[in-house]
Structure formats: C-alpha cells, structure tokens
Peer 1: 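Input: one structure, supplied below.
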Amino acid sequence: MTVTPAKPTAPIELENQAPDRSALMQNLDQKAQKYHIVTFGCQMNKADSERMAGVLENIGYRATDDANDADLVLYNTCSIRDNAEQKVYSYLGRQAKRKHSNPGLTLVVAGCVAQQEGEALMRRVPELDLVMGPQHVNRLDDLLAQVYAGNQVVAIEEAFIEEDITKPRRSSTITAWVNVIYGCNESCTYCIVPSVRGQEQSRTPAAIRAEIEALAAQGYKEITLLGQNIDAYGRDLPPGGIGAGIGGKITLTDLLYYVHDVEGIERIRFATSHPRYFSSRLIHACAELPKLCEHFHIPFQSGDNELLKDMKRGYTHEKYRRIIDQIREIMPDAAISADAIVAFPGETEAQFENTLRLVEEISFDLVNTAAYSPRPGTPAAVWENQLSEEVKSDRLQRLNHLVNQQAAERSKRYLGRTEEILIEGINPKNPNQVMGRTRGNRITFLNEQKPELIGQVVTLQITEVRPFSLTGIRI
Ligand code: SAH
Ligand code: SF4
Ligand code: F3S
C-alpha cells in the first residue's frame with residue numbers, strides 16, 4: 001500500500017504496520033457520519049459493495065440515499081468497457097467539486113477502475129482520499145484509519161483476501177450473493193478482469209458453508225454462488241479437504257453437494273460458467289439436487305472458431321453447442337443465458353454471421369451483448385485490425401434485434417404454465433404488486449398488495465408474458 005501524507009513528501013510504505021485507529025474513532029465520534037455508495041459493474045462488485053457497507057456500519061456510519069448529504073462517498077467502479085469507466089469520472093467530478101466547499105467530505109474510489117488506475121487516479125482527481133482495489137474490500141476500516149490520520153491512500157497491491165468477519169449490509173433480505181472464488185487466471189485477450197481482480201483464490205468449503213448457514217439463520221431463501229470463472233473453484237485449494245473426493249481436489253460440483261442441504265435455503269444459483277471447464281458432472285448435479293435452479297449462464301462470446309481462438313477462449317462453437325445439447329437433454333426446459341461480444345478486432349461479416357447463427361440455433365432466454373471495447377494493457381487492444389464505430393453499432397443492433405426476438409419467443413412458453421416464484425419484494429414501479437423470479441430466473445409480477453408474501457415461494461399461473469418478465473395469478 002502506498003500512503004501519501006496530505007502535504008506530500010515521498011510516499012511511505014506502511015506494509016505490516018498496525019494502523020492507528022484513534023484518528024478514525026475520533027473522527028467518527030464527532031457526529032453521526034453518513035455514507036453513500038454507488039456501485040457499477042457486475043455481481044462481484046455488488047457483493048463487494050455490500051461488504052464495504054457492512055464495514056462502514058460496523059464503525060458507526062449510517063447509509064444515506066443522497067450523495068450530496070453524505071460525509072463519505074464511495075464509488076465502486078467497473079472497467080470492463082470504456083463507457084463504464086467514463087461514467088465514473090463524470091460522477092466523481094461532481095463530488096470532487098463539492099469537496100472544495102465541504103472539506104470534511106471523504107471521497108473513495110474502489111473496484112476495478114481503482115485497481116487499474118491506482119496512483120494515476122489520485123493524480124487525476126487530487127480530491128480523492130482513498131483509491132482501493134477489490135482485494136482490499138475487507139480492510140476498508142484500516143484504510144480509512146490511515147485517511148483520518150491525514151493521508152491520501154492507494155491500496156492496490158495483490159493481497160490475500162482474508163475471511164470477512166464483518167456482516168455485509170445486504171440489499172435484499174431474501175436473496176444473497178456468496179463469493180466462492182475471487183480473481184481469474186484466464187487470459188482472454190479482450191478482458192481486463194484478470195489484471196484488476198488478480199489470481200484465483202478459492203474460499204474454503206467450510207467458510208462458504210458457514211456463510212450460507214448464517215444466511216439461512218437470518219431468513220435468506222436464495223443464494224447465488226459467485227466467481228468470474230466459477231468452474232475453476234477449488235483448483236488452488238490443497239487436495240483432500242472437506243467435501244472433496246478422497247485425496248482429490250474439490251470442484252464446484254463437490255461444493256454444490258456439500259452446501260446443498262443447508263436448511264432454510266430453498267434455491268441455489270451459481271455464475272459465471274466457462275465453456276472451457278464446464279463439466280457434465282455439473283449438469284447431472286443440477287438435475288439431481290432439488291434446490292439447484294434450472295438456469296445456466298454460460299457466455300460464448302463468439303460463434304466463430306477463428307475468433308474464439310483469437311480471444312483465447314479455449315473452446316470451439318461445437319463444444320459450446322454440445323454443452324447446451326447436454327443440458328437440454330437432461331433438463332429440456334432449463335433457462336440458458338450468455339454473454340457475447342461483437343466487432344472483436346478482425347471480425348469479418350461472415351464471422352459475425354456465425355455468431356448470429358449460433359444465437360439463432362440455440363435460442364437463448366437472455367444474451368448480454370456488447371461491442372468490443374479496447375481495454376488498457378490487454379493484448380487485443382493494440383492489434384491493428386480494430387473495427388470502426390459504425391461496424392460496432394451496426395452489428396450490435398443486429399444481434400440485439402435477434403436476441404430480443406428470441407427472448408420474447410422463449411417467454412411465450414411460460415404462458416398458462418404453473419411456476420414457483422420466490423417473492424423478493426414489492427415492485428418498485430408499482431406498489432400494488434409484489435415480484436420475484438421463476439427458477440429459470442425470469443422476473444415475475446403478482447397483482448397483490450401483500451408484503452407478507454415476501455420470502456415465500458408461491459405457485460402462480462402465468463397470465464401475461466413479456467420478453468424479459470411475466471405476470472401471474474395465485475392458484
Ligand atoms: N467471467 C465471465 C465474464 C466476465 S466480464 C466470462 O468469462 O465470461 C462480463 C462480460 O463482459 C464478458 O462475458 C464479455 O462478454 C464482456 N466483456 C469483457 N471484456 C470486454 C471488452 N473488452 N469489450 C466488450 N465486452 C467485454
Ligand atoms: Fe475475463 Fe475471460 Fe476471466 Fe471471464 S474468463 S473474467 S472473460 S479473462
Ligand atoms: Fe466490471 Fe470489475 Fe466486474 S471490471 S464487470 S466490476 S470484475
């Protein structure tokens with residue numbers, strides 16, 4: 001970690017020194033401090049924000065919905081594409097300005113842009129107090145102690161992610177994220193994630209199970225196990241641990257068997273799957289374990305083998321199709337979603353059409369699409385065969401059109417059906433409705449003003465279908 005005193009001399013290394021928390025405590029004692037967190041990016045970031053909110057509440061902060069009313073504003077940032085990154089700078093600019101008239105304001109940038117930019121970010125926005133990478137989430141209190149001792153702090157070195165002893169402040173009381181593996185060891189040529197999230201670190205099965213048991217005791221009903229490449233779970237753990245086959249390493253499938261019987265938890269999901277490592281044992285486990293929801297999120301990125309090779313994805317479109325065929329053979333109605341990138345460097349019209357063909361032939365419930373965005377330090381960013389903005393937006397539109405058509409088509413199969421919905425809350429856009437999701441992850445509304453249903457699994461008959469949501473009545 002680099003700690004720069006407010007009146008900068010040379011940066012000091014404070015590695016291994018116990019932080020002095022008296023300044024932090026003194027600062028917090030002065031008045032009830034309020035925090036505001038803005039989260040960009042993926043489920044990992046959402047989970048991290050909940051943990052950072054937990055740390056802040058643990059040291060006496062309370063939440064406010066209004067950034068302009070907060071004493072501490074934290075942006076948990078995403079750098080997966082350039083537009084995600086730019087959004088942060090515009091938000092940050094406004095708060096940096098506010099700091100000039102409100103010097104007591106503490107400004108923090110966490111997450112993937114923080115990790116990517118490090119000290120450069122501090123130089124670009126000198127009003128910042130703390131720039132911290134995703135591996136430092138659990139240490140937010142110690143880092144703030146350094147800040148309140150009068151330093152500007154940059155914490156981005158590779159770190160062992162300690163087990164979190166603070167309770168996250170979760171945004172839902174029904175569904176919860178549970179990290180199982182941090183980081184990513186793949187080297188997809190377009191992707192910033194490995195450089196901002198670091199090496200894979202699996203949590204132990206015992207720690208994961210303990211967190212799930214604690215969630216069940218608090219009344220949570222659904223958990224989603226998280227990893228950027230969740231199929232890599234366990235490969236960095238020593239062989240022969242709890243849940244592993246004799247002498248072997250534990251895998252995601254073993255973990256699912258190991259945590260499946262936690263009483264009170266009714267649904268289990270996991271994401272994100274990687275076609276390179278996806279196993280048929282996993283499909284069988286999902287079919288066999290009743291709490292495992294019939295939904296698979298397996299990004300394919302491209303339907304063209306040449307491009308998949310350039311992306312270093314490690315599979316062919318044939319292999320991807322075999323995975324989907326196998327899932328559908330065993331669970332014909334499973335929901336399948338994916339991610340895809342269009343206009344990767346060098347993508348020809350014919351190669352793009354291979355992506356369209358794959359989507360056409362598989363028929364997905366949802367595909368998150370994006371035009372390729374060059375990311376700093378990634379191999380593909382410096383290739384000379386970049387495509388124009390026109391090609392990017394044209395291909396994105398054509399793919400989106402197909403994807404939306406398909407989602408509408410796939411939604412139709414729910415009409416008239418009986419579905420189990422776990423009610424998660426009141427529809428924020430219509431207080432007369434409660435809402436939840438099917439096992440296949442489709443948002444479903446129920447026209448009843450009954451908050452007491454929250455947390456219950458209700459059986460609905462689906463009466464209306466839209467591409468990405470359903471409405472039903474109780475039967
Ligand atoms: N770990 C997951 C996804 C991580 S990022 C996986 O391996 O699939 C989420 C999605 O963002 C990716 O699936 C990809 O479709 C998209 N993405 C990542 N880098 C991108 C880039 N440079 N430009 C455009 N989209 C990108
Ligand atoms: Fe990025 Fe590839 Fe890792 Fe997914 S598997 S996070 S796309 S490097
Ligand atoms: Fe974005 Fe970081 Fe997630 S780059 S997608 S927040 S891992």
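Note that ligands are numbered from 1 as they come in the structure, with each ligand's atoms numbered from 1 the same way. In this chain, numbering begins with 1 at the start of the sequence shown.
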Peer 1: Nearest protein heavy-atom contact for atom 4 (S) of ligand 3: which residue, which atom, what distance?
Peer 2: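 Protein heavy atom with the smallest distance to atom 4 (S) of ligand 3: Ser79 N, 3.3 Å.
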Peer 1: What's the count of protein N, O or S atoms under 2.8 Å from atom 2 (Fe) of ligand 2?
Peer 2: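 My tally for this metal is 1.
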Peer 1: Apply side chain to side chain donor-acceptor pair (under 3.5 Å) to Thr39 and Asn45, showing your working.
Peer 2: CA-CA 7 Å; Thr39 309; Asn45 257 20; over 6 Å; no
Peer 1: Checking a contact table here: which protein heavy atom is nearest atom 19 (N) of ligand 1, and how many Å away?
Peer 2: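 For atom 19 (N) of ligand 1, the nearest protein heavy atom comes out as Tyr190 CD1, 3.3 Å.
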Peer 1: Give the numbers and elements of all ligand 1 atoms closer than 4.0 Å to a heavy atom of Ala371.
Peer 2: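 Counting from 1, the qualifying ligand atoms are 23 (N), 24 (C).
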Peer 1: With heavy atoms of Ala370 as the reference, note each atom of ligand 1 found under 4.0 Å away.
Peer 2: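 In order of number, 25 (N).
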Peer 1: In terms of atom number and element, which parts of ligand 1 are under 4.0 angstrom from non-hydrogen atoms of Ile341?
Peer 2: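 By the 4.0 Å cutoff, the relevant atoms are 14 (C), 15 (O), 17 (N), 25 (N), 26 (C).
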Peer 1: With a cut-off of 6.0 Å (strictly less than), are more than 12 heavy atoms of other residues, nucleotides or ligands near NZ of Lys87?
Peer 2: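 Counting neighbours around NZ of Lys87, 12 or fewer heavy atoms of other residues, nucleotides or ligands fall under 6.0 Å, so no.
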Peer 1: Going by heavy-atom distance to atom 7 (S) of ligand 3, choose the closest among Met44, Gln115, Gln228.
Peer 2: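 Nearest heavy atom to atom 7 (S) of ligand 3 lies in Gln228.
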Peer 1: Would Arg313 count as a contact residue for ligand 1, given that I'm defining contact as a non-hydrogen atom of the residue lying under 4.0 Å from a ligand atom?
Peer 2: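 Yes; Arg313 lies near enough to ligand 1 that a heavy-atom distance drops under 4.0 Å.
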Peer 1: Please work out which of Arg81, Met44, Lys392 has its closest non-hydrogen atom nearest to atom 25 (N) of ligand 1.
Peer 2: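 Answer by nearest heavy atom: Arg81.
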Peer 1: Decide if the gap between the ring center of Tyr320 and the ring center of Phe278 is smaller than 6.0 angstrom.
Peer 2: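 No, ring centres 6.0 Å or more apart.
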Peer 1: Quick check on Lys291: does its NZ atom have over 12 non-hydrogen neighbours (other residues, nucleotides or ligands) under 6.0 Å away?
Peer 2: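 Buried by this count: over 12 neighbours within 6.0 Å.
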Peer 1: Provide, to 0.1 Å, the distance between atom 2 (Fe) of ligand 3 and the closest protein heavy atom, together with that atom's residue and name.
Peer 2: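 Protein heavy atom with the smallest distance to atom 2 (Fe) of ligand 3: Cys112 SG, 2.2 Å.
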Peer 1: With respect to Gln301, determine whether any N or O atom, backbone or side chain, lies less than 3.5 Å from an N or O atom of ligand 1.
Peer 2: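 Looking only at distances, the answer is yes, because the N/O contact criterion of under 3.5 Å is met.
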Peer 1: Check for me whether Arg124 meets the cation-pi criterion with Tyr89, that is, NZ or CZ under 6.0 Å from the six-membered ring centre and within 45 degrees of the ring axis.
Peer 2: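 Geometry flag: set, cation within 6.0 Å and 45°.
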Peer 1: Please report the shortest heavy-atom distance between Ile181 and Asn229, naming the atom on each side.
Peer 2: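 So the two residues come closest at CG2-O, 4.1 Å.
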Peer 1: Return yes when at least one N/O/S atom of Cys42 is nearer than 2.8 Å to atom 2 (Fe) of ligand 3, and no when none is.
Peer 2: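 Here the distance criterion (N, O or S atom, under 2.8 Å) is not met by Cys42, so no.
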Peer 1: For residues 374-387, which residue pairs pass the side chain to side chain donor-acceptor pair (under 3.5 Å) check, not counting sequence neighbours?
Peer 2: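 Qualifying pairs, neighbours excluded: Glu85-Arg375.
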Peer 1: Can you tell me if Ile80 has a non-hydrogen atom under 4.0 Å from ligand 1?
Peer 2: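 In this structure, Ile80 qualifies as a contact of ligand 1 - some heavy atom is under 4.0 Å.
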Peer 1: For Gly111, state whether at least one heavy atom is located under 4.0 Å from any atom of ligand 3.
Peer 2: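 The answer is no, since Gly111 has no heavy atom less than 4.0 Å from ligand 3.
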Peer 1: Looking at ligand 1, does Pro374 have a heavy atom less than 4.0 Å from it?
Peer 2: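 No.
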